[in-house]
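We name chains A, B, ... by the order of the sequence lines, and we start the count at 1 in each one.
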Amino acid sequence: MSDAQTPNTGVMRIVDCPGTNSSEAGKSSACQGCPSQIFCASGAAAGPDPAIQEIKEKMKMVKHKILVLSGKGGVGKSTFSAHLVHGLAEDETKQVALLDIDICGPSIPKMMGLEGEQVHQSGSGWSPVYVDDNLAVMSIGFLLNSPDDAVIWRGPKKNGMIKQFLRDVDWGELDYLIIDTPPGTSDEHLSIVQYLRAAQIDGAVVITTPQEVSLQDVRKEINFCHKVKLPIIGVVENMSGFICPKCKTESQIFPPTTGGAEKMCQDLNITLLGKVPLDPQIGKSCDKGKSFLSEVPDSLAATSYRKIIQRIQEYCDMHLYHEGINA
Amino acid sequence: MEERKENNNLAGVRHIILVLSGKGGVGKSTVSTELVLALRHAGKKVGILDVDFCGPSIPRMLNAQDKDVHQCDSGWVPVFVDQEKSISLMSIGFLLEKPDDAVVWRGPKKNALIKQFVNDVAWGELDFLFIDTPPGTSDEHISTVDALRTCKPFGAILVTTPQAVSVGDVRRELTFCKKTGLRVIGIIENMSGFVCPHCSECTNIFSKGGGEELAKHAGVPFLGCVPLDPQLSQSLEQGRDFMQEFPQSAAFPAISKIVVQLLEASSSSNS
């Protein structure tokens, strides 16, 4: 048996990968039978990728880098990312960009109203697609010929694409770069953290829905953040209750049976940035490629989005301040 | 020799069905869980192989999260959910030391475990084996289809939610099926409308009709709409048998209808 092992008890357990840069790489008991064992043991993986330095240079022009993460799919990462950039870009003096590294399921082009747009090549790299003068977007969706095109890629190819997005896109000077990720803790996540290691990420915003089935995946994601030393800005609970438009009674469609994000944040000592209720207008705005914040500005959901965005801005300002002191 | 081993453990499985979706959180695991429960009530022997390594939800949904996997001569013994052993499960969730452990693996490691999951689990005799997948069209999907090549899966069920953003990802999954020669059994539209328990007003929180439209557009069967149902989400949270406990609820007839179609499709292919 390669990855799972049987100690004397007869119970199968997973033993964790020591990491390709570890001195244990290719030598620990977890490496037995792993297809990369020989490669890892040879030490070839230990050398830093020269792209990391190039990316660091490029990212000097980017003040704040924020990852939007969640262990679970369909909890609203892309919806949140889209509204975060819309909210940040309302200040016309700020330059904002959104990078979509969900290679197999890019939803950002549609949500930003950019379906069918193409990326152009210039002397200084790939030009992102602009929603407004101060809001740029990049996604693999812009590189596909048809909405039916499937990107059937294994990890290494996805990693190559992410590297290109970071190194070869001509972002220009940015105040905020928001990075929307696919669900899970795999290639895309490891790569983005690795490639941005030298350039420093401000932190991650973790999205969840209230049920335990979602929280159990999100706890894994939080453990991932600790493992790779990625600071957590806070957690957003999405799809938190639904108010019937007719009788105004609230229903818990995704019930917080274990206390929801609030309890999880208390237990793990992390910040709860806020809760966003289910609102049919959010999905509709996303389908139309419009900002919910400007479509239905007075709704409960829009108000809580704004509060959360403000808290993220405050975090970043603090972060900058601390960096200034440390420098 | 490798070939013979591959066929051995899956030789007693009559229909292998992949549950796919380009998008996450649309209800792949929910659909797998409820179909398995409904088929069990129809007297079938069923199994679920959960190849979502970063977010395994199946053990909790079937209230089996504390069980362990053991070894036997022919491989790994799956976890049995009930006394009669009519539902068997395999998931990485059973192999973790702590339930919150993150499985931070790149592709090659996931692929190696998928091969083991497909080849080394001693399923015995099963009428249906559902393979619950993570979102996307990447390592897990390519490896699963590759590993199953010799035993001809029955087909794939695609799950979507109604809104355009989700349907868009499922279109890509259809292309994946076409490219890999996987038959599409049909599309299920999940989270389709919510009926307020207080005033009975139906709100289409995630819009409506996207799944059916896509099925028409792609020329594949549409298996039905499953409404948003707090009783369903509650049952999954607590690992309770929704198909037994809530026959009066909104989602019950929808799931039953899908199972009937599935049984028809499988019996017509049996000849």
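Contacts between B/Phe94 and chain A at a heavy-atom distance below 4.5 Å involve the backbone alone (N, CA, C, O). Proximity to chain A involves both the backbone and the side chain of B/Phe176, based on heavy atoms less than 4.5 angstrom apart. In this structure, the portions of B/Asp100 lying under 4.5 Å from any heavy atom of chain A include both its backbone and its side chain. For B/Ser21, no part lies near chain A; criterion is any non-hydrogen pair under 4.5 Å. B/Lys28 does not touch chain A: none of its heavy atoms, backbone or side chain, sits under 4.5 Å away. Contact of A/Lys110 with chain B is made through the side chain alone, with heavy-atom distances under 4.5 Å. In this structure, the portions of A/Ile152 lying under 4.5 Å from any heavy atom of chain B include both its backbone and its side chain. Only the side chain of B/Leu228 comes within contact range of chain A, judged by heavy atoms closer than 4.5 Å. Proximity to chain A is limited to the backbone of B/Pro99, based on heavy atoms less than 4.5 angstrom apart. A/Ser78 does not touch chain B: none of its heavy atoms, backbone or side chain, sits under 4.5 Å away. The parts of B/Ser57 that come within reach of chain A are both its backbone and its side chain, each placing non-hydrogen atoms under 4.5 angstrom from that chain. In this structure, chain B has no heavy atom under 4.5 Å from any part of A/Asp102.
Counting only heavy atoms from C-beta outward, the side chains of A/Pro210 and B/Glu237 never approach each other to under 4.5 Å. At a threshold of 4.5 Å between non-hydrogen side-chain atoms, the residues A/Thr79 and B/Val165 do not count as touching. Within the 4.5 Å cutoff, the side chain of A/Val151 has no heavy atoms near those of the B/Arg172 side chain. Residues B/Phe194 and A/Leu278 are not in side-chain contact: their nearest non-hydrogen atoms beyond the backbone lie 4.5 Å or more apart. The side-chain heavy atoms of B/Lys178 and A/Asp148, taken from C-beta on, include no pair separated by under 4.5 Å. Looking at A/Lys158 and B/Ser138, their side chains come closer than 4.5 Å, going by heavy atoms from C-beta outward.
When each of B/Thr137, B/Asp52, B/Val26, B/Asp101 is checked for heavy-atom pairs under 4.5 Å with chain A, B/Thr137 comes out on top. The greatest number of non-hydrogen atom pairs below 4.5 Å with chain B, out of A/Ser191, A/Ser214, A/Pro182, A/Gly184, is found for A/Ser191.
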